[in-house]
Visitor: 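The structure's right below; bear with me while I get my questions together.
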Amino acid sequence: MKVCIVGGGASGMMAALLIAEKGHQIVLLEKNEKLGKKIYITGKGRCNLTNAVTGNEFLANVVNNAKFFMSSEIRFNSSDTMRVFEDLGVPLKIERGNRVFPESDKASDITRALERRLKLFNVDIRFDSEVREILVQDNVACGVKLSNGEIINSDAVIIATGGVTYPLTGSTGDGYKFAKSLGHKIIEPKPALASLIIKDDDIRCLAGLSLKNVKLFVKEKGKVIYTSPVGEMLFTGNGISGPIVLTTSSNINRFEPKNLKICIDFKPGLDDFALFNRIERDIVSLKAKQFSSLLEGLLPKSIAGIFAKRLNINLTKKVSQLSKEEREGLVKMLKSFELSLDKIDDFDHAVVTSGGVCVKEIKPKNMESKLVSKLYFIGEVLDVDALTGGFNLQIAFSTAASCASDF
Ligand SMILES: Cc1cc2nc3c(=O)[nH]c(=O)nc-3n(C[C@H](O)[C@H](O)[C@H](O)COP(=O)(O)OP(=O)(O)OC[C@H]3O[C@@H](n4cnc5c(N)ncnc54)[C@H](O)[C@@H]3O)c2cc1C
């Protein structure tokens, strides 16, 4: 059987490898001058290629369409990915949070190992080959047309074109156009695992400040729609970023940003009552000291001034003179420091795309289109995305393996 694979990224290369191993003829079409351009920048150049957790833990990290992804995860999980790369001669190591990296800390080792094996299996790798159209006859995919007009006929077509983040790596959303032209529904692509751009000007002076052991929750018109885990975040020049912020972005990107308030809980370990009592005790021990001293015992110094302004309490006010309302107001702000969301950072800076080809029209067992026979979608082009930790590359590899099982 002759198979055209559109896109030589993580999913396209893995599909090419697993299908070529079965003796099929593969044409791998990549519009860049090299394979896996995005892989080079993954994991800050170290490539966090998977996460060595159990199936259920893995699925808990999939934000959209975990149920659809489940059969791919069962078929080809993180152990399978690790086995493939170790067989390819890439020793791996497991770090904090079960994140798996090449022992060399070089993402290039992952791409090169895949490329070497593809060449060994005589995969016809074509660089600078941009696919413009998917050819379909009698509702069966039968080839592709390149931007130079060349037509390549095949018995099946696999679309592995990625999402739309970091478009300089080649992921420019072409797969969505192909899918749409063939009648597929596209769930609107949104940036995920991205920083949040915040409207409030009073936090600009905090740029560079990082916070540990805080929690975020997000309100839409007063109703809490998401609560993050406790973790780290930091203030940037135009908003907030860091681990819990990235996780939050993936969970709120299908809401209208203008309706959302991002609230920081500076004291997630204490409920309102316990925090009020702690402040009462602080006030007793600080005696004649000023409000600034009370704040500095509770928060980084640079935030104290912003709290005082928002609470409309003078920093020089004696703690003993704080009214009950003022003390309650302080508790409320420590538990819910409200920021107005402008938007989630754009596709140029987001790590993954949420949205894409609607999975209701894709067969979960082999990634084949339910609308067009012998047409497959794998990797980030699908409406499946996950949190950081190696989960997104594993989605690319697992969906590639499900697709390969059909050949
Ligand atoms: C900065 C950054 C860091 C990341 N770090 C990690 C990490 O450490 N761990 C992790 O799990 N995930 C990470 N990710 C996410 C991960 O890289 C992606 O989810 C994954 O690469 C998706 O694989 P893919 O094969 O679906 O798409 P891609 O890797 O985007 O590959 C798609 C390929 O298709 C080609 N293409 C597109 N259109 C056409 C066309 N018309 N014709 C021919 N070729 C075409 C593109 O040039 C590209 O090479 C990171 C992402 C970014 C941006």
Side-chain angles (χ1 to χ4, degrees), residues 4-16 27-51 58 61-62 78 81 95 97-102 105 107 110-111 114-115 125-134 144-148 150 152 157-179 191-194 246 250 345 347-354 356-357 367 376-400 403:
C4 273
I5 302 180
V6 187
S11 62
M13 282 194 281
M14 183 59 86
V27 184
L28 179 59
L29 299 150
E30 170 52 57
K31 70 176 170 185
N32 287 325
E33 70 296 352
K34 61 179 174 188
L35 294 176
K37 222 172 178 179
K38 189 170 269 179
I39 294 179
Y40 286 96
I41 57 167
T42 56
K44 299 198 170 91
R46 301 201 300 132
C47 187
N48 175 198
L49 68 155
T50 187
N51 195 294
F58 194 104
N61 283 276
V62 178
S78 56
T81 297
E95 294 192 358
N98 300 306
R99 290 163 192 245
V100 180
F101 293 89
D105 283 331
I110 296 296
T111 317
L114 285 167
E115 189 168 355
I125 306 172
R126 304 220 193 152
F127 298 109
D128 302 309
S129 298
E130 184 186 5
V131 172
R132 276 282 166 81
E133 195 185 331
I134 309 300
V144 298
K145 187 175 181 183
L146 305 186
S147 55
N148 64 6
E150 187 187 349
I152 303 171
V157 176
I158 300 169
I159 298 180
T161 46
V164 274
T165 56
Y166 278 73
L168 284 176
T169 62
S171 332
T172 49
D174 296 10
Y176 306 148
K177 288 181 213 144
F178 302 145
L193 298 179
L246 299 194
S250 288
D345 206 354
F347 286 117
D348 289 355
H349 302 104
V351 173
V352 286
T353 309
S354 155
V357 176
M367 304 296 127
Y376 301 81
F377 292 90
I378 58 173
E380 206 177 308
V381 71
L382 291 164
D383 179 22
V384 181
D385 63 287
L387 301 179
T388 53
F391 302 104
N392 286 294
L393 278 169
Q394 183 61 47
I395 289 172
F397 298 142
S398 297
T399 51
C403 168

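Indexing begins at 1, ligand by ligand and atom by atom, following the structure's order. Sequential numbering from 1 along the given sequence is applied to the chain's residues.
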Visitor: Heavy-atom contact check, 4.0 Å cutoff: does Lys37 meet ligand 1?
Guide: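 Per 4.0 Å heavy-atom rule, Lys37 does not contact ligand 1.
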Visitor: Can you give me the closest heavy-atom contact between Leu35 and Glu30, atom names plus distance?
Guide: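 Looking at all heavy atoms of both residues, the shortest contact is CD2-CB, 4.1 Å.
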Visitor: Would you check whether Val131 has a nitrogen or oxygen atom less than 3.5 angstrom from a nitrogen or oxygen atom of ligand 1?
Guide: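 For ligand 1, there is an N or O atom that lies under 3.5 Å from one belonging to Val131.
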Visitor: To the nearest 0.1 Å, how far is atom 51 (C) of ligand 1 from its closest protein heavy atom, and which atom is that?
Guide: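 For atom 51 (C) of ligand 1, the nearest protein heavy atom comes out as Val351 O, 3.2 Å.
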Visitor: Going by heavy atoms, is Ser129 under 4.0 Å from ligand 1?
Guide: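 Under 4.0 Å: yes for Ser129.
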Visitor: Are any of the N or O atoms of Ser171 closer than 3.5 Å to those of ligand 1?
Guide: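 So ligand 1 has an N or O lying under 3.5 Å from an N or O of Ser171.
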Visitor: Would you name the heavy atoms of Asn48 and Gly389 that are closest together and state the gap between them?
Guide: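 Heavy atoms of Asn48 and Gly389 come nearest at OD1-C, 2.8 Å.
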Visitor: Can you measure from NZ (Lys177) to OG1 (Thr172) and round to the nearest 0.5 angstrom?
Guide: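 Rounded to the nearest 0.5 Å, the NZ-OG1 separation comes to 6.0 Å.
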Visitor: Starting from atom 34 (O) of ligand 1, which protein heavy atom do you reach first, and at what distance in Å?
Guide: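 Heavy-atom neighbour on the protein nearest atom 34 (O) of ligand 1: Gly7 CA, 3.2 Å.
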Visitor: Can you tell me how far OH of Tyr376 sits from SG of Cys4, rounded to the nearest 0.5 angstrom?
Guide: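 Reported to 0.5 Å precision, the distance equals 13.5 Å.
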Visitor: Given 3.5 Å as the limit, does a donor-acceptor pair link the side chain of Thr42 with the main chain of Tyr40, or not?
Guide: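 Not a single qualifying donor-acceptor pair exists.
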Visitor: My understanding is that only residues two or more places apart in sequence, or in another chain, count here; which of them pass side chain to side chain contact (heavy atoms under 4.5 Å, CB included) with Glu130?
Guide: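 Scan of Glu130 (side chain to side chain contact (heavy atoms under 4.5 Å, CB included), adjacent residues dropped) gives Lys31, Arg132, Ser147, Asp174.
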Visitor: Can you list the ligand 1 atoms lying under 4.0 Å from a non-hydrogen atom of Phe391?
Guide: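 The atoms of ligand 1 under 4.0 Å from a heavy atom of Phe391 are 11 (O).
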Visitor: For atom 13 (C) of ligand 1, what is the nearest protein heavy atom, given as residue, atom name and distance?
Guide: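 Checking every protein heavy atom, the shortest distance to atom 13 (C) of ligand 1 gives Thr42 CG2, 3.9 Å.
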Visitor: For atom 49 (O) of ligand 1, which protein heavy atom lies nearest, and how many Å away is it?
Guide: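 Protein heavy atom at minimum distance: Glu30 OE1, 2.6 Å.
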Visitor: Using a 4.0 Å cut-off to any heavy atom of Ala160, which atoms of ligand 1 qualify?
Guide: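 Reading through ligand 1 atom by atom, the close ones are 32 (C), 33 (C), 34 (O).
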Visitor: Just verifying a value: how many Å separate Leu382 CG and Thr353 OG1, rounded to the nearest 0.5 Å?
Guide: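 Going from the CG atom of Leu382 to the OG1 atom of Thr353 covers 12.0 Å.
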Visitor: Is it the case that ligand 1 has an N or O less than 3.5 angstrom from some N or O of Gly379?
Guide: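 No; every N/O pair is 3.5 Å or more apart.
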Visitor: For ligand 1, which atoms sit closer than 4.0 Å to a heavy atom of Leu29?
Guide: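 By the 4.0 Å cutoff, the relevant atoms are 43 (C), 44 (N).
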Visitor: Measure across Ala160 and Ile378 and return the closest heavy-atom pair with its distance rounded to 0.1 Å.
Guide: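 Looks like CB-CG1, 3.7 Å.
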Visitor: What protein heavy atom lies closest to atom 11 (O) of ligand 1? Include the residue and the distance to one decimal.
Guide: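 Scanning the protein heavy atoms, the shortest distance from atom 11 (O) of ligand 1 goes to Leu393 N, 2.7 Å.
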Visitor: What are the atoms of ligand 1, with element, lying closer than 4.0 Å to any heavy atom of Glu380?
Guide: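 Ligand 1 atoms under the 4.0 Å threshold to Glu380: 18 (C), 19 (O), 20 (C), 22 (C), 26 (O).
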Visitor: Hey, which atoms in ligand 1 end up nearer than 4.0 Å to a heavy atom of Ala10?
Guide: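 This gives 23 (O), 25 (O), 29 (O) as the contact atoms.
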Visitor: Donor-acceptor pair, distance only, cut-off 3.5 Å: does the side chain of Ser398 make one with the backbone of Ile395?
Guide: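 Judged by distance alone, no pair lies under 3.5 Å.
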Visitor: Under 4.0 Å from a heavy atom of Ser11: which atoms of ligand 1 are those, numbered in the order shown and with their elements?
Guide: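 Taking each heavy atom of Ser11 in turn, ligand 1 has 24 (P), 25 (O), 26 (O) under 4.0 Å.
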Visitor: Just which atoms of ligand 1 are under 4.0 Å from any heavy atom in Asn32?
Guide: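 Numbered from 1, ligand 1 contributes 47 (O).
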Visitor: Verify side chain to side chain contact (heavy atoms under 4.5 Å, CB included) between Phe178 and Val6, making sure each step is shown before the conclusion.
Guide: CA-CA 11 Å; Phe178 302 145; Val6 187; 4.3 Å; yes
Visitor: Quick one: look up the protein heavy atom nearest atom 45 (C) of ligand 1 and list residue, atom name and how far away it is.
Guide: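 Protein heavy atom at minimum distance: Lys31 CG, 3.8 Å.
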Visitor: If I compare all heavy atoms of Ala10 with all of Leu393, which pair ends up nearest, and what's the gap?
Guide: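 Residues Ala10 and Leu393, closest heavy atoms: CB-CD2, 3.5 Å.
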Visitor: Name every donor-acceptor pair, under 3.5 Å, that has one atom in a side chain of residues 161-168 and the other anywhere in the protein, sequence neighbours excluded.
Guide:
from, atom 1, to, atom 2, distance (Å)
Thr161, OG1, Gly175, N, 3.2
Thr165, OG1, Lys38, NZ, 3.3
Thr165, OG1, Val351, O, 3.3

Visitor: With nothing but distance in play, are any N or O atoms of Asp174 less than 3.5 Å from an N or O of ligand 1?
Guide: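 Yes.
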Visitor: Starting from atom 9 (N) of ligand 1, which protein heavy atom do you reach first, and at what distance in Å?
Guide: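 Here the nearest protein heavy atom works out to Asn48 O, 2.9 Å.
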Visitor: Taking a cutoff of less than 4.0 Å between a non-hydrogen atom of the residue and any ligand atom, is Ile395 in contact with ligand 1?
Guide: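 Flag not set, Ile395 not near ligand 1.
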Visitor: Using a heavy-atom cut-off of under 4.0 Å, does the side chain or the backbone of Thr172 touch ligand 1, or both, or neither?
Guide: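 Contact part for Thr172 vs ligand 1: neither.
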Visitor: Ignoring hydrogens and geometry, is there a side-chain-to-backbone donor-acceptor pair from Gln394 to Thr81 under 3.5 Å?
Guide: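 Such a contact is absent between Gln394 side chain and Thr81 backbone.
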Visitor: Find all atoms of ligand 1 within a distance of less than 4.0 Å from any non-hydrogen atom belonging to Asn392, and give their numbers and elements.
Guide: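 Counting atoms of ligand 1 from 1, those under 4.0 Å from Asn392 are 11 (O), 12 (N), 19 (O).
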Visitor: Without swapping roles, check the side chain of Asn51 against the backbone of Phe58 for a donor-acceptor pair under 3.5 Å.
Guide: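 Such a contact is absent between Asn51 side chain and Phe58 backbone.
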Visitor: In terms of residue, atom name and distance, what is the protein heavy atom nearest to atom 15 (C) of ligand 1?
Guide: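 Atom 15 (C) of ligand 1 sits closest to the protein heavy atom Val352 CG1, 3.7 Å.
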Visitor: Would you confirm whether Asp105, through its side chain, and Arg46, through its main-chain N or O, come within 3.5 Å as a donor-acceptor pair?
Guide: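 Side chain of Asp105 to backbone of Arg46: no pair is present.
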Visitor: Answer yes or no: does an N/O atom from Gly43 fall short of 3.5 Å to an N/O atom of ligand 1?
Guide: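 In this structure, Gly43 places an N or O atom under 3.5 Å from an N or O of ligand 1.
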Visitor: Does ligand 1 come near enough to Thr165 that some N or O of the ligand is less than 3.5 Å from an N or O of the residue?
Guide: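 So ligand 1 has no N or O lying under 3.5 Å from an N or O of Thr165.
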